Amino acid sequence: AGHRRPGISPRGYLMKQFDNWQARGRNLALAIVLAAVTWCSTAAAQARQIAVCSHSCAYQQPADGVAAARDGDTVLIGPGVYTGGFAVDKNITMVGGGARQTTISGGGPVITIGKADAKTEPVVTLRALTITGGQTHSLRAVTYEADGGGIWIPPSAGGGVGATVTIADSVIRGNMAAPSTTIDAG
């Protein structure tokens, strides 16, 4: 009885304490939500834009920009023709200067997205690029199989679905996947 205010019934006192508790709970919930939003915003704010161009950029080839990238980064590739034959195993976006202006050419395949038999696979977006000139003649050490002349997305662990890839405003042409040997199917 010493804790209650004069003139407030025990039920009124309990209701007031319950209202205070609910308000503190709402404030705690709001604080948790704000902390989560701040954490997500900080992570998004840490995403970088990495420039690739043929002159006066820190990186002159997409492979170098991809190697420098971290999850969430965007690799911006200026107009020009660049060397293919590299792998992307991070959650990144690659954006060219337009499909008619930015070409990645050569390699076997031009771009490999993900790793064969990986437990987790990346989420990658390719935009405003031309992918061409890829020639694959074997699948690892197997010369009677060939996969992905232009873009190859290997299967994940246990033969599951590989990377998640979005391709927009891009051209993929002039690539070949042809085995270097054949086997007698008998």
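Since we're looking at a predicted model, the values are computed, not measured.
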Report the residues that fulfil salt bridge (Lys or Arg N to Asp or Glu O under 4.0 Å) with D64, sequence neighbours left out, ordered by chain and then residue number.
-> none
Contact summary for A51 and C57, nearest pair of heavy atoms = O-CB, 4.0 Å
Min side-chain heavy-atom separation P109-N175 under 4.5 Å = no
Of all the heavy-atom pairs spanning A118 and S156, show the shortest one and how long it is.
-> O-CB, 3.5 Å
CD of Q49 to OG1 of T74: how many Å apart, nearest 0.5 Å?
-> 5.5 Å
Partner residues of D89 under the side chain to side chain contact (heavy atoms under 4.5 Å, CB included) criterion, sequence neighbours left out | K115
Could you tell me whether a side-chain N or O of T112 sits under 3.5 Å from a main-chain N or O of W152, the two making a donor and an acceptor?
-> no
Residue pairs fulfilling salt bridge (charged side-chain N to carboxylate O under 4.0 Å, His left out) with at least one residue in residues 75-88, sequence neighbours excluded = none
Can you name the closest pair of heavy atoms from G114 and P122 and give their distance?
-> CA-CD, 3.7 Å
Looking at CG of D73 and CD of Q46, how far apart are the two atoms once the value is rounded to the nearest 0.5 Å?
-> 10.0 Å
What's the shortest heavy-atom distance between P155 and E121, and which atoms?
-> O-OE2, 4.0 Å
Value for SG (C53) from CD (Q60), rounded to nearest 0.5 Å, stands at 6.5 Å
What are the two closest heavy atoms between G158 and D117, and how far apart are they?
-> N-OD1, 4.4 Å
Hydrophobic cluster (4.5 angstrom, side-chain heavy atoms) - remaining members for V123 = none
So the side chain to side chain donor-acceptor pair (under 3.5 Å) pairs with at least one residue in residues 123-135 (sequence neighbours excluded) are none
Apart from I167 itself, which Ile, Leu, Val, Met, Phe, Trp or Tyr residues share its cluster (side-chain heavy atoms under 4.5 Å, direct or through members)?
-> I50, V52, Y59, V66, V75, I77, Y82, F86, V88, I92, M94, I104, V110, I111, I113, V124, L126, L129, I131, I151, I153, V165, I172
Please confirm whether the backbone N or O of A168 pairs with a side-chain atom of S170, one donor and one acceptor, at under 3.5 Å?
-> yes
